[in-house]
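A, B, ... follow the sequence lines: proteins, then strands. Residue 1 opens every chain.
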Amino acid sequence: MAELLEVKGEIRFKIQAYQKAARAVAEHPRPLTGIHEEGGLSALMEISGIGEGLGKKIGELITTGRCAAYEKLKAELPPGIPELLEVPNLGPRTALSLAKNLGIKGVTDLEKAIKTGAIRGLPRMGVKLEEKLLRGIALWRQGRERMPLGLALPRAQEMVAALLSLPGTKRAEYAGSLRRMCETVGDLDFLVSPKSAGDAPGILKAFVSLPGIAEIVAHGDTKASVRFKDGFEADLRVVDDDAYGAALHYFTGSKTHNILIRELGVRKGLKISEYGIFRRGKRVGGRKEEEVFRAVGLPFIPPELREGAGEIEAAAGNSLPRLVTEDSLKGDLHVHSSYSDGTAGLEELARAAKKMGYEYLAVSDHGRSLKIARGLSVTELRKKNREIDRVNRLLSGFRLLKAAEVDILEDGSLDYPDDVLAGLDVVIVSVHTRFNLDSAAQTRRITKALAHRHAMILGHPTGRLFGQREPCAVDLDAVIRAARDHGKALELNGQPDRLDLSSGPLRRARELGVPVTINSDAHTLEQLAGYRRFGVGTARRGWLEPRDVLNTLPLGQLLKRLHR
DNA sequence: GCCGTTTTCGGCCCGACTGTTTTCAGTCG
């Protein structure tokens, strides 16, 4: 609606109010349907940016699936505008002009009009703009996929190394959604400060000359933007070292967070931008990122929390969570060995985990029904457990735990008999089949499994795989409440393809006192070490503290908690 | 349209790059 209001020529501040509300909805840790169910309009209006007008419209959308004001607005404008607005480089002014002057009703029309030279006659439209629009149409056709964190992070680290190796570079790092450890990122953002002002052009030049670039989208004095042949997009910003901290804050975002911080600044008579912190035109800070927060009277807010989803209020009330760190994990409760579909043997897994500083490792191979992953029969499981005993006698100050990732069958029962489950240290229960049940059936299935006396942890609760499989239809809130009622834990699966649960449900679990385990679900030795940071990063986005995470407990307490 | 240790009215974050201009509009972040 904000975009359509912009086309219509509404006043800027009304448009901004809609945009702000849209971001507040998108970034809210819980789906608004649940909030509306519990507290109605007044609960919606408690969300900052949503007032009476927009609250009613959202409520209407939730209860009826429609919004009369939106439909009215759409009817007032030429048809095809919403589609045109999806095209990169094509905004509200151009869309309206194309629709009004040439009767263009969509992307196909637009392409024809460009080819026949029809748009060249319009004001402020020339050859360059034609080219720009054609590039936008090509991108629109491709569809823009976000990159999973697991691919983006190593790529960004390589690029930071390349930027740091330039002779004129003083400081360089990646920022943006990647620094906030978002589970997928739209592009890669880099920040560099030059050793001296004269070094900036060379740094930008080097950036747009990196190998594998398909297109230089922009290349100015302080900023450049490129697209690589493999689809990655990257932005570089070069600022004076004096402004590096302010720029890092700005470039890390999120946009909502930045706006909130800048508004706080305005109230204190400050202007905050990527160039620093200013009072009456005079610079009062910006070299270090901490200075931005200090200027508005807040403690440092970790990047993973900067979503404009309550972190500013928490910081102001001195109630920011003390987030879990990689160091605080004392073990991993979900890895696979060569007994099922993993590649590493038990002893090498144990030694690798011990080397990481872990006290324990649960080797949770698949249960017998999951044939595709070479799930273990009861006999094989017993044999594996005897080898675990043998390995444990070899190592001191470390313990392999007997575990299984047991399938939740379609009726909600588990894949091993109770007497087998009773002999295990850790029982993870997971869905691996029939992801397509309807929400009621899937929710029944999972909550029944959580009620099982031997179940301890629900593995990868939604089953999603980025780019491959949507989360299964399930009432997550009901699952989280079931975990609370039965005293069970939820897994945060740290495989970068999964990152399941994500930050919203994690916050909800924390709110309801449901413990989480951060697991790698590693199938190789490399994954055991490599996936920890993805799991911890996502946990931090979910506001989790060490006390919310079971595998920060020492072994004795962990087992006591799992078996209570 | 939203919001309030400046305010229930009068404000609303801040800036870069491109293209078509000769002072700025449009798009994007």
What is the distance, to the nearest angstrom, from the [atom1] atom on [X] to the [atom2] atom on [N]?
X        : N      : atom1 : atom2 : answer
A:Ile216 : B:dC17 : CD1   : P     : 14 Å
A:Arg124 : B:dT22 : CZ    : P     : 9 Å
A:Lys223 : B:dA16 : NZ    : P     : 9 Å
A:Glu6   : B:dG1  : CD    : P     : 16 Å
A:Ile261 : B:dG15 : CD1   : P     : 16 Å
A:Phe190 : B:dG29 : CZ    : P     : 16 Å

- Query: Just by distance, with hydrogens left out, do A:Glu27 and A:Ser254 show a side-chain donor and acceptor under 3.5 Å apart?
  - Reply: no
Touch check for [X], heavy atoms < 4.0 angstrom, all strands: base, sugar-phosphate only, or nothing?
X        : value
A:Arg237 : sugar-phosphate
A:Leu90  : sugar-phosphate
A:Pro88  : sugar-phosphate
A:Asp221 : sugar-phosphate

- Using a cut-off of less than 4.0 Å, is there contact between a side-chain N or O of A:Thr94 and OP1 or OP2 of B:dT27? yes
Okay, side chain of [X], backbone of [Y]: is any donor-acceptor separation there less than 3.5 Å?
X        : Y        : answer
A:Arg541 : A:Ser502 : no
A:Glu60  : A:Ala68  : yes
A:Lys195 : A:Pro167 : yes
A:Ser520 : A:Gly494 : no
A:Glu291 : A:Gly286 : yes
A:Arg540 : A:Val324 : yes

- Message: Quick check: closest heavy atoms across A:Asn493 and A:His460, and the distance to 0.1 Å?
- Response: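 Heavy atoms of A:Asn493 and A:His460 come nearest at ND2-CD2, 3.7 Å.
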Would you give me the side-chain donor-acceptor pairs under 3.5 Å for residues 79-93 of chain A, sequence neighbours excluded?
unit_1, atom_1, unit_2, atom_2, d
A:Glu83, OE2, A:Val107, N, 2.7
A:Glu86, OE1, A:Trp140, NE1, 2.9
A:Asn89, ND2, A:Lys132, O, 3.2

[M] and [N], which share atom name [atom1], separated by this distance in whole Å:
N      : M      : atom1 : answer
B:dC13 : B:dC2  : C1'   : 15 Å
B:dT7  : B:dC12 : P     : 16 Å
B:dC3  : B:dT8  : C1'   : 9 Å

- Item | Candidates B:dG29, B:dT27, B:dG1 - which lies nearest the side chain of A:Lys255 |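 The answer is B:dG29, which lies nearest to the side chain.
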- Out of B:dC3, B:dT6, B:dT27, which has the shortest distance to the side chain of A:Arg267?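 Between B:dC3, B:dT6, B:dT27, the one nearest the side chain of A:Arg267 would be B:dT6.
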- Which residue pairs satisfy the salt bridge (Lys or Arg N to Asp or Glu O under 4.0 Å) criterion with at least one member in residues 497-512 of chain A, sequence neighbours excluded?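 Residue pairs passing salt bridge (Lys or Arg N to Asp or Glu O under 4.0 Å), neighbours aside: A:Asp477-A:Arg508, A:Arg498-A:Asp521, A:Arg508-A:Glu511, A:Arg510-A:Glu545, A:Arg510-A:Asp548.
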What residues in [range] put a non-hydrogen atom under 4.0 Å from any atom of DNA chain B?
range                       : result
residues 16-29 of chain A   : A:Gln16, A:Ala17, A:Tyr18
residues 54-72 of chain A   : A:Leu54, A:Lys57
residues 274-295 of chain A : A:Glu274, A:Tyr275

- Query: When you check the gap from the basic side-chain N to the acidic O, do A:Glu289 and A:Arg171 get nearer than 4.0 Å?
  - Reply: no
- Task: In plain terms, say whether A:Glu274 and A:Lys223 are close enough for a salt bridge, that is, a side-chain N and a carboxylate O under 4.0 Å apart.
- Result: no
- Message: Does any part of the side chain of A:Leu298, heavy atoms only, come nearer than 4.5 Å to the side chain of A:Ile261, both counted from C-beta?
- Response: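 Side-chain contact under 4.5 Å: yes.
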- Message: Can you confirm if the NZ or CZ of A:Arg237 lies within 45° of the ring axis of A:Tyr244 and under 6.0 Å from the centre of its six-membered ring?
- Response: no
- How does DNA chain B look in dot-bracket form if you count Watson-Crick and G-U pairs under 3.5 Å, write [ ] for pairs that cross, and put | where a base pairs with another strand? ((((....)))).((((((....))))))
